[in-house]
K.L.:
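One structure follows; several queries about it will come next.
As a basis for the values below, the full set of heavy atoms in this structure was taken, side chains included, without hydrogen atoms, waters or symmetry mates.
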Amino acid sequence: FPLRGEQDGRIMGVIEYVRDITAHKQARDALKKAHQQLRTVFDTMPGAVNVIDRDYTIIDLNSELMRLYRISSKAEAIGRKCYEVYRGETGVCADCSVPEAMETGGMVTRLTRIQSADNLRVLKAHTSPIFDENGRIWGAIKVLTDVSDFVEKERELRESEKRFRVLFESAPDAMLLADPETGTILD
């Protein structure tokens with residue numbers, strides 16, 4: 001700022017104000033780096049992840065969830081109701097784990113089935129409430145893991161065991177199943 005003389009208004013000097021903003025800039029840079037790190041973790045998690053608020057409005061979702069539900073851009077989903085975007089429903093889905101997680105304040109895990117781009121998929125959904133700084137629930141995070149192959153292998157194993165049991169029990173010869181190390185008869 002110029003400093004002017006009282007009588008003639010001529011500039012007699014300059015007042016300069018300097019403030020050290022180094023700490024502010026360092027804090028801003030650290031916050032930006034932390035945000036980028038969290039964004040990378042969120043976007044590269046092996047599961048399909050989404051965050052919704054108490055009204056079931058989508059706040060965020062990762063690329064795996066977009067692939068699973070054939071969503072081409074985040075703009076298609078963010079700000080809309082999850083049940084509309086993911087299932088084409090007009091209200092909360094009957095098998096939704098979010099209400100229970102928000103009501104109990106704890107994680108809820110359950111299996112759910114969806115029709116994906118190629119076939120029916122079985123997903124394990126882990127849903128946890130998200131709390132604000134005052135301990136109030138403001139939303140939920142849901143992580144979906146595709147367990148279709150595991151469920152199919154379990155079904156195949158049960159079928160195989162069933163066939164073996166029928167063969168074992170209907171054989172005309174005496175058969176027994178024994179532990180090879182101890183000789184203990186198992187069946």
Side-chain angles (χ1 to χ4, degrees), residues 19-158:
R19 187 170 111 194
D20 185 359
I21 61 166
T22 304
H24 176 73
K25 184 174 179 345
Q26 288 172 338
R28 187 182 63 214
D29 290 347
L31 184 61
K32 183 177 179 181
K33 182 179 178 181
H35 177 75
Q36 288 171 335
Q37 289 172 334
L38 286 174
R39 181 88 250 161
T40 300
V41 168
F42 186 82
D43 288 336
T44 59
M45 287 182 67
V49 183
N50 74 113
V51 177
I52 64 167
D53 68 13
R54 286 192 74 78
D55 297 323
Y56 302 93
T57 301
I58 299 169
I59 304 299
D60 205 352
L61 64 160
N62 73 355
S63 57
E64 181 63 19
L65 191 115
M66 291 172 59
R67 184 196 63 75
L68 187 66
Y69 285 101
R70 297 175 288 205
I71 298 168
S72 57
S73 75
K74 287 188 176 194
E76 279 181 47
I78 293 177
R80 294 181 54 206
K81 302 297 183 190
C82 57
Y83 48 81
E84 293 171 354
V85 174
Y86 304 144
R87 300 268 185 99
E89 301 284 336
T90 57
V92 178
C93 304
D95 64 344
C96 185
S97 55
V98 173
E100 183 179 345
M102 286 199 219
E103 184 179 309
T104 65
M107 182 168 38
V108 175
T109 302
R110 65 172 59 138
L111 293 180
T112 187
R113 289 171 170 70
I114 66 159
Q115 183 65 45
S116 72
D118 48 358
N119 56 9
L120 185 67
R121 307 304 297 170
V122 180
L123 306 172
K124 184 178 257 187
H126 299 281
T127 307
S128 295
I130 303 173
F131 299 88
D132 68 15
E133 62 277 0
N134 298 314
R136 290 187 299 258
I137 296 171
W138 67 263
I141 183 167
K142 184 184 279 191
V143 180
L144 300 164
T145 306
D146 191 339
V147 293
S148 303
D149 293 338
F150 180 75
V151 169
E152 178 60 21
K153 295 297 180 201
E154 279 185 326
R155 187 195 64 74
E156 289 172 3
L157 180 59
R158 281 191 305 274

K.L.:
Identify every side-chain donor-acceptor pair in residues 31-41 under 3.5 Å, counting partners at least two apart or on other chains, and give the distances.
P.N.:
from  : atom 1 : to    : atom 2 : distance (Å)
Arg39 : NE     : Asp43 : OD2    : 3.1
Arg39 : NH1    : Asp60 : OD2    : 2.6
Arg39 : NH2    : Asp43 : OD1    : 3.2
Arg39 : NH2    : Asp60 : OD1    : 3.2
Arg39 : NH2    : Asp60 : OD2    : 3.0
Thr40 : OG1    : Gln36 : O      : 2.9

K.L.:
Flag yes if more than 12 heavy atoms outside Met107 fall under 6.0 Å of its CE atom; otherwise flag no.
P.N.:
no
K.L.:
Got a second to check how far Asp146's CG is from Arg121's CZ, nearest 0.5 Å?
P.N.:
4.0 Å
K.L.:
If you compare all heavy atoms of Ile137 against all heavy atoms of Phe131, which two are closest, and at what distance to 0.1 Å?
P.N.:
CG1-CE2, 3.3 Å
K.L.:
Is Lys81 reaching over with its side chain to a backbone N or O of Asp55, donor-acceptor style, under 3.5 angstrom?
P.N.:
yes
K.L.:
Minimum heavy-atom separation for Gly47 and Asn62, please, with both atom names.
P.N.:
O-ND2, 3.0 Å
K.L.:
Less than 4.5 Å apart, any side-chain heavy atom of Glu64 and any of Val49?
P.N.:
no
K.L.:
Can you tell me how far the CG atom of Leu65 sits from the CD1 atom of Ile58, to the nearest 0.5 Å?
P.N.:
8.0 Å
K.L.:
Using a 4.5 Å cut-off on heavy atoms from C-beta on, say whether the side chain of Glu76 contacts that of Val85.
P.N.:
no
K.L.:
Please tabulate, for side-chain N and O atoms in residues 86-93, each donor-acceptor pair with protein atoms closer than 3.5 Å (sequence neighbours left out).
P.N.:
from  : atom 1 : to     : atom 2 : distance (Å)
Arg87 : NH1    : Asp95  : OD1    : 3.0
Arg87 : NH2    : Asp95  : OD2    : 3.3
Arg87 : NH2    : Thr112 : OG1    : 3.1

K.L.:
So do the side chains of Ile52 and Lys142 get within less than 4.5 Å of each other, counting heavy atoms only?
P.N.:
no
K.L.:
For Ala101, what residues pass the side-chain contact (heavy atoms from CB on, under 4.5 Å) criterion, not counting sequence neighbours?
P.N.:
Val108, Thr127, Pro129
K.L.:
Does atom CG (Leu157) have a neighbourhood of more than 12 heavy atoms from anything else shown, all under 6.0 Å?
P.N.:
yes
K.L.:
When rounded to the nearest 0.5 angstrom, what distance separates CG in Leu68 from CG in Leu61?
P.N.:
11.0 Å
K.L.:
For residues Tyr83 and Tyr56, report the shortest heavy-atom separation together with the two atoms involved.
P.N.:
CE2-CB, 3.9 Å
K.L.:
Determine whether a donor-acceptor pair (N or O, by modelled atom type, separation under 3.5 Å) exists between the side chain of Glu84 and the backbone of Arg80.
P.N.:
no
K.L.:
Does NZ in Lys124 sit with more than 12 non-hydrogen atoms of other residues, nucleotides or ligands closer than 6.0 Å?
P.N.:
no
K.L.:
Identify the heavy atoms of Asp53 and Ile59 that sit nearest to each other, and give their distance.
P.N.:
N-CG1, 3.9 Å
K.L.:
For the residue pair Thr22 and Asp20, confirm or rule out a side-chain donor-acceptor distance under 3.5 Å.
P.N.:
yes
K.L.:
If you round to the nearest 0.5 Å, how far is OG of Ser73 from CE of Met66?
P.N.:
6.0 Å
K.L.:
Do you know which two heavy atoms are closest between Ala140 and Met102, and how far apart they sit?
P.N.:
CB-CE, 4.3 Å
K.L.:
Within this structure, what is the CZ-CG distance for the pair Arg110 and Leu123, rounded to the nearest 0.5 Å?
P.N.:
13.5 Å
K.L.:
Indicate the atoms forming the closest heavy-atom contact of Val51 with Phe42, along with that distance.
P.N.:
CG2-CE1, 4.1 Å
K.L.:
Under the side chain to side chain contact (heavy atoms under 4.5 Å, CB included) criterion, do Val122 and Phe150 qualify, and how do the steps go?
P.N.:
CA-CA 9 Å; Val122 180; Phe150 180 75; over 6 Å; no
K.L.:
Find out whether Leu144 and Ile114 are in side-chain contact, i.e. whether some heavy atom of one side chain is under 4.5 Å from a heavy atom of the other.
P.N.:
no
